[in-house]
Each structure stands twice: as C-alpha cells, then as structure tokens.
Amino acid sequence: MSLDKPTNTFAEIYEIVRKIPLGKVSTYGRIAAILGSTSGARMVGYALNHAHVDSSIPAHRVVNRNGQLTGKMHFHPPQLMQQLLENEGFIIENDQIVNFKENLWP
DNA sequence: TGGATGACTTGCA
DNA sequence: GTGCAAGCCATCC
C-alpha cells in the first residue's frame with residue numbers, strides 16, 4: 001500500500017468528512033452508508049482514528065448514531081472534541097450532542 | 001503469514 | 001424493552 005495516501009476506502013471517508021460544513025455533524029453509519037457498507041461503520045471510526053494526521057479533517061464532527069462523542073478519547077486533550085463542537089454552536093451534555101439531530105448533515 | 005482488534009450499526013431472540 | 005451476535009475493512013503484532 002502506498003504510504004503517501006490512504007486506500008480508496010479511507011480516502012473516500014476523508015473526502016466525505018471534509019465535506020461536512022461548519023456547524024453540522026454526521027454519523028459513522030451515515031458515512032458508511034455513503035460508501036455502500038452500512039456495517040462498515042467500524043471502518044469509518046478506524047479511518048478517523050488515523051485521520052488525526054490531517055488537521056483538515058474535522059473528525060470531531062463525526063459521532064455515533066446517538067450523537068455521542070465516542071471518539072473524544074482519541075483527541076488530545078479529549079475535551080478538545082467537545083470544545084470544538086461547542087465553538088461551532090453545539091450543545092454538549094454528558095459527552096452527547098443535545099441538538100445533534102437538528103444539525104445532522106444529510 | 002495469520003490472527004486479533006477497533007472512534008459502529010443493525011437485527012433477532 | 002433488553003441483550004447478544006454478526007458483518008464490514010484496514011492496520012498492528
């Protein structure tokens with residue numbers, strides 16, 4: 001595999017996440033569905049785990065289907081994810097986006 | 001080279 | 001209404 005860029009599947013995920021506009025969020029399952037694999041949500045999460053190398057990827061805008069910040073622990077510091085979301089107008093409560101459905105990116 | 005793991009989701013018992 | 005198991009694909013040891 002080339003080390004210059006990720007595989008096509010990962011590249012697709014990165015592209016989609018990058019398209020998420022400011023003030024909007026998306027879910028792992030949503031992105032996985034776009035890729036054609038509803039069950040591939042795990043892949044999306046794993047891809048974002050490696051996406052931190054590219055600061056242009058707003059990984060903090062991707063949450064699980066409940067709007068919960070399951071991946072915040074992979075940020076440094078972990079509260080950075082919540083802080084970024086709050087900075088974009090989101091309301092975080094108990095590591096969960098309160099107005100998540102209202103700002104869900106189609 | 002092969003097996004195990006992971007920021008998830010969905011369906012069935 | 002709750003709990004368990006299977007599926008997807010790439011990376012790591």
Nucleotide [N], atom [atom2] - distance to [atom1] of [X] in whole Å:
X        : N     : atom1 : atom2 : result
A:His50  : B:dT5 : NE2   : P     : 16 Å
A:Leu48  : C:dC9 : CG    : C1'   : 14 Å
A:Leu35  : C:dG7 : CG    : P     : 20 Å
A:Asn49  : B:dG6 : CG    : P     : 11 Å
A:Ile31  : C:dC8 : CD1   : P     : 20 Å
A:Met43  : C:dG7 : CE    : C1'   : 13 Å
A:Phe100 : B:dC8 : CZ    : C1'   : 13 Å
A:Phe10  : B:dG6 : CZ    : P     : 15 Å

(message) I'd like to check the side-chain hydrogen bond (donor to acceptor under 3.5 Å, both in side chains) partners of A:Asp54; sequence neighbours left out, ordered by chain and number.
(response)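 Result, side-chain hydrogen bond (donor to acceptor under 3.5 Å, both in side chains) vs A:Asp54: A:Arg18, A:Ser56.
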(request) Could you pull out all residues at least two apart from A:Gln96 that satisfy side-chain hydrogen bond (donor to acceptor under 3.5 Å, both in side chains)? (result) none
(message) For the C1' atoms, the ones on B:dA7 and on C:dG3, what distance do you get once it is rounded to whole angstrom?
(response) 23 Å
(request) Measure from the side-chain heavy atoms of A:Arg42 and tell me the nearest of B:dA7, C:dC8, C:dT11. (result)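 Nearest to the side chain of A:Arg42 among the choices is C:dC8.
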(request) Please determine, for the side chain of A:Tyr46, which listed nucleotide (C:dC9, B:dC8, C:dT11) has the closest atom? (result) C:dT11
(request) Compare side-chain N and O positions of A:Thr9 against OP1 and OP2 of C:dA10 and report whether any pair is under 4.0 Å apart. (result)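 Looking at the OP1 and OP2 atoms of C:dA10, one of them is under 4.0 Å from a side-chain N or O of A:Thr9.
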When you compare the protein's N or O atoms with those of nucleotides 9-12 of chain B, which come within less than 3.5 Å of each other, and at what distance?
| unit_1 | atom_1 | unit_2 | atom_2 | d |
| --- | --- | --- | --- | --- |
| B:dT9 | OP1 | A:Arg65 | N | 2.4 |
| B:dT9 | OP2 | A:Arg65 | N | 3.4 |

(message) Please identify which of these residues, A:Gln83, A:Lys24, A:His60, meets the side chain to side chain donor-acceptor pair (under 3.5 Å) condition with A:Glu88.
(response)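 Going through A:Gln83, A:Lys24, A:His60 one by one, the side chain to side chain donor-acceptor pair (under 3.5 Å) with A:Glu88 is satisfied by A:His60 alone.
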